[in-house]
Protein chains: 2
Amino acid sequence: MALSFFDYVERINSLLRSWQRDDAELSMVPAVQLSALRYLSICNHYSDTVMGVTDYLGLTKGTVSQSLKALEERQWIYKEPDLQDKRIVHLKPTAAGLAVVQQLVAVQVLQQAVQQLGPELEQQLTGALHQLLSHVQRQEQRKSFGLCKSCRFHQQQDGLPFCGLTQQPLPVTSTQLICREHQDPA
Amino acid sequence: MALSFFDYVERINSLLRSWQRDDAELSMVPAVQLSALRYLSICNHYSDTVMGVTDYLGLTKGTVSQSLKALEERQWIYKEPDLQDKRIVHLKPTAAGLAVVQQLVAVQVLQQAVQQLGPELEQQLTGALHQLLSHVQRQEQRKSFGLCKSCRFHQQQDGLPFCGLTQQPLPVTSTQLICREHQDPA
DNA sequence: TTCATAATGTATCGACTCGATACTTAATTC
DNA sequence: GAATTAAGTATCGAGTCGATACATTATGAA
């Protein structure tokens, strides 16, 4: 009997915790806040809301609302009311917030370790993970949070990216970000 | 730019959280307690202590001591003092505790999804993860928590398993479990 | 042997997370 | 226009978590 995939995930999680605790600057920052901050740095303009973070992190909106409030007090994000829907607030990382994301030790160490695998193994690893999540999402009816450009609603109109779900043109930068409405092509 | 390995890990973590919260019976049980319980169900007799759990989960011993106390109150584990070292207490899952471990939805869903990948992809995935953790462990001087039988101290003596580190014979069942003293072969 | 040091584990405290509940405001539907 | 739905906030209690202090037992050196 060998270690299961679940065991590896648990092990990696423990390592992530350890790295964060050993980080002199960020050890006092709750892990959820950093996860939310990182999400906000890689999600598109349809997804940078309280509910977006809520779905992504798998928590309740009350909990998330509090963590985001803390992030705002740290001045790592700021809020911007939506122009169309007055219920919605967009959450955007500040320059300081982005700097924090880029200094996350966990991301750096993992990235370095992945690179040591070499391009083939890295390809196999992320490919298998992608497929795995795809299966899970299909079976469980969960959101996939995939890249905008890999979405079944992603289109081109007059040479510019366009979202077939919202029927709106897309900022070019959005297509490289993840979206809470993402659906794999059939 | 595609999703990074870190992104996949974060995504899987969110799913794990969601599954646990949706679990009718276990949603009230803190995730740390379940992680500790599962660890105790797959670790050998050198590792089933407060410090073993502490190292594995990447927390402090005070925190872990509390969670284990809660597990004991649920009667999912029981304590057994060490015969040689009177400071040490061994933590063993009860029958009820083992039943809980085997009903963890997260483990089941992930296992099912991995199986859908097929044997080759599964092999690639776990192989890459194993190598990845190996690199990380070497660079960061962290514990690897690998399988007893894959340890550089694992030996045979009179046809029976033997630990070269503790200089003690090993129960046959231990060799299939993970150990906090595990070291990869040079 | 004896005394200092280290290791395992527990107890307590305060800051914080997290889910549950209740609530406000705004959009949508009928 | 009323009912319903959705986004977000506020508050509360149980529990996590790190820090600190402490008790007990091992270990190692003088």
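Proteins get letters first, then strands, A, B, ... in listed order; numbering begins at 1 in each. The model shown is predicted, which means the values in this text are computed figures rather than measured ones.
The distance from atom CD of Glu80(B) to atom P of dG9(C) is 14 Å, rounded to the nearest whole Å. Following rounding to the nearest Å, Leu59(A) (CG) and dA20(C) (C1') show an atom-to-atom distance of 14 Å. Between the C1' atom of dT9(D) and the CD atom of Glu73(A) lies a distance of 13 Å, rounded to the nearest Å. Counting to the nearest Å, the C1' atom of dC17(D) and the CG atom of Leu26(A) are 17 Å from each other. Distance CD (Glu72(B)) to C1' (dG9(C)): 13 Å, rounded to an integer number of Å. Rounded to whole Å, the distance from CD on Gln84(A) to P on dA6(D) is 20 Å. The distance between atom CG of Asp23(A) and atom P of dG18(D), rounded to the nearest whole Å, is 14 Å. Across the protein-nucleic acid pair, Tyr46(B) atom OH and dA7(C) atom P stand 20 Å apart, rounded to whole Å.
A donor-acceptor contact under 3.5 angstrom links the side chains of His45(B) and Ser174(B), judged on distance only. With no hydrogens or angles considered, a side-chain donor-acceptor pair links Glu140(A) and Trp19(B) at under 3.5 Å.
For the pair His182(A) and Tyr46(A), the minimum side-chain heavy-atom distance is 4.5 Å or more. Side chains of Leu3(A) and Thr126(B) form no contact here, defined as non-hydrogen atoms less than 4.5 Å apart.
Judged by distance alone with a 3.5 Å cut-off, no donor-acceptor contact links the side chain of Ser65(B) to the base of dG9(C). Below the 3.5 angstrom threshold, one finds a donor paired with an acceptor across the side chain of Arg87(B) and the base of dA7(C).
Which of dC16(C), dA26(C), dG18(D) sits closest to the side chain of Gln33(A) comes down to dC16(C). With distances taken from any side-chain atom of Gln66(B) to the nucleotides dA27(C), dC18(C), dC13(C), the minimum falls on dC13(C). Considering only side-chain atoms of Val89(B), the nucleotide from dG9(C), dC18(C), dT16(D) that sits closest is dG9(C).
Counting non-hydrogen atoms under 4.0 angstrom, Lys61(A) reaches a base of the nucleic acid. Contact annotation for Ser27(A): no contact, since no heavy-atom pair falls under 4.0 Å across all strands.
For the pair Thr60(B) and dA19(D), the criterion of a side-chain N or O lying under 4.0 Å from OP1 or OP2 is not met. Dashed line: the shortest gap from a side-chain N or O of Thr63(B) to OP1 or OP2 of dT16(D) is not under 4.0 Å. For dT9(D), the OP1/OP2 oxygens have a side-chain nitrogen or oxygen of Lys79(A) closer than 4.0 Å.
Closest-nucleotide positions on DNA chain D for Arg17(A) and Ile88(A) were compared, and the one nearer the 5' end corresponds to Ile88(A). Between Gly62(A) and Asp85(A), the residue whose closest nucleotide on DNA chain C is further toward the 5' end is Gly62(A).
Between Asp55(A) and Arg142(A) there is no salt bridge, since no side-chain N of the basic residue sits under 4.0 Å from a carboxylate O of the acidic one.
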